[in-house]
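Start at 1 with the first residue, then count along the sequence.
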Amino acid sequence: MSKSVLGFTASLLLVSLACRRSEPAAPVPPSEAATTEASAPAASPTQTEPVATKEPDCSPATIDRGGDGWHDGAACVERLVPRCEQGDPEACMGAATIMLNGSGGAAQEPARALAVATGACERGNSVGCLIAAVIHDKGLGVAVDPAAATAFIDKACALGDAQGCQAKAARAPKSPAFIAAANLSVGSIAADGLELRDLMCEVTGGMPMLGALVIAGSLAKQRRALDKCAPAGQAFAATWTFAGGKTRDVAASGGSPAANACVEKALARAVATLDGRCGAIVLVGKLAGAEATLEAVRSGAAN
């Protein structure tokens, strides 16, 4: 996450001393001199002029640079955290940088940085979401938690953050490219209780979109046999060829060797009603169990 995107200019407050001016005293009549002298307070020591206090340098450039000569970290944290809580994204970035690095003489406080970032995210600050995502993703003071990182990235994107949406797209599971020259591609399709994901085929002749329904219907006739391969639920990546009314060259992966062989045998019994080379992720058995394994199988098939 580039801090240049969040760049801001912070001004140092200039402190000036007010010049004290004294007016000439009016002459005191002799008759009042004694009273005046008696009532006059004793001379006090010369009062010291107020000393200008140096404002902490909390500019982004200084925070990013850090260095041994900068000692305003703790003061900047106390200034920036309230601003972050009020919705200032640059203040969130600055405070988190100091707390995570322990720079500028401040204590290293990753837990506090996460708490501040999380609170900012919950209040609609997308930068807070992204900071929390980085902390979870890199394990900065906490256990590495990719799921939590993804959730914060999704929240940042939902809040309209362009970087959050880019990160979400980069982390999204890639669909497997079963068929390089596919002219039919359907993300999800179901027929007679059989669920397919990432169906793609290179169909010879016919209308590809209608072909998706035909293919799913053909495979669905083997649903009972397929469900016996993994009753508790399992996703399988499968490829096959439809030719001359038969299903050939079936290959399945994702389950145990025995389960893979069972799926291959069931799919091979499907009657082909068109010609072409296809691939899909087939959800077998209980749908909840199959969906729980979907992303792992999809990721394996994509690599």
Sub-4.5 Å side-chain heavy-atom contact between Thr239 and Arg277: yes
Assess whether side chain to side chain contact (heavy atoms under 4.5 Å, CB included) is satisfied between Val134 and Leu130, documenting all intermediate values. CA-CA 6 Å; Val134 171; Leu130 294 179; 5.6 Å; no
d(Glu295 CD, Ile281 CD1) to nearest 0.5 Å is 8.0 Å
Can we say Arg223 and Asp192 salt-bridge, meaning some charged N sits less than 4.0 Å from an Asp/Glu carboxylate O? no
Would you give the length of the straight line joining atom NE2 of His71 to atom SG of Cys76, rounded to the nearest 0.5 angstrom? 12.5 Å
How far apart are the closest heavy atoms of Phe152 and Cys129, and which atoms are they? CB-O, 3.3 Å
Can you tell me how far the CG atom of Asp249 sits from the OG1 atom of Thr241, to the nearest 0.5 Å? 4.5 Å
Among pairs that include at least one residue of residues 113-135, which meet side-chain hydrogen bond (donor to acceptor under 3.5 Å, both in side chains), considering only residues two or more places apart or in two chains? Ser126-Asp161
Would you indicate whether Arg224, at its atom CZ, is surrounded by more than 12 heavy atoms from other residues, nucleotides or ligands within a distance under 6.0 Å? no
For the residue pair Val297 and Gln234, establish whether any side-chain heavy-atom pair is separated by less than 4.5 Å. yes
Honestly curious: do Leu159 and Val116 fall in one hydrophobic cluster under the side-chain, below-4.5 Å linking rule? no
Between Asp275 (side chain only) and Gly244 (backbone N and O only), is there a donor and an acceptor less than 3.5 Å apart? yes
Find the distance between OG1 (Thr150) and NZ (Lys168) and round it off to the nearest 0.5 Å. 10.0 Å
Do you know which two heavy atoms are closest between Ala266 and Ala225, and how far apart they sit? CB-CB, 4.0 Å
Atom of Val142, atom of Ile135 and distance for their closest heavy-atom approach: CG2-O, 3.7 Å
Say whether, by atom type as modelled, one donor and one acceptor occur between the side chain of Asn183 and the main chain of Val203 under 3.5 angstrom. yes
What residue pairs, at least two apart or across chains, pass disulfide (SG to SG under 2.5 Å) with a residue in residues 237-281? Cys201-Cys278, Cys229-Cys262
Going through the checks in order, is the side chain to side chain contact (heavy atoms under 4.5 Å, CB included) test met by Lys221 and Val271? CA-CA 9 Å; Lys221 290 181 172 25; Val271 176; over 6 Å; no
May I have the step-by-step check of side chain to side chain contact (heavy atoms under 4.5 Å, CB included) for Val282 and Leu196, ending in yes or no? CA-CA 5 Å; Val282 185; Leu196 302 179; 3.8 Å; yes
Heavy-atom closest pair, residues Ile153 and Ala133: CG1-CB, 3.7 Å
Listed partners of Asp137 passing salt bridge (Lys or Arg N to Asp or Glu O under 4.0 Å), at least two apart: Arg171
Note, Val263 side chain near Leu226 side chain (heavy atom, < 4.5 Å): yes
Give a yes or no answer on whether the side chain of Trp70 reaches the backbone of Ser103 with a donor-acceptor pair at less than 3.5 Å. no
Okay, side chain of Asp198, backbone of Met200: is any donor-acceptor separation there less than 3.5 Å? no
Please report the interatomic distance OG1(Thr62) to CG(Asp72), rounded to the nearest 0.5 Å. 8.5 Å
Quick one: closest heavy-atom pair of Leu199 and Ile189, and the distance? CD2-CG2, 4.2 Å
At their closest point, which heavy atom of Arg79 faces which heavy atom of Pro56, and how far apart are they? NE-CG, 3.3 Å
Say you draw a straight line from SG of Cys58 to CD of Glu78; how long is it, rounded to the nearest 0.5 Å? 10.5 Å
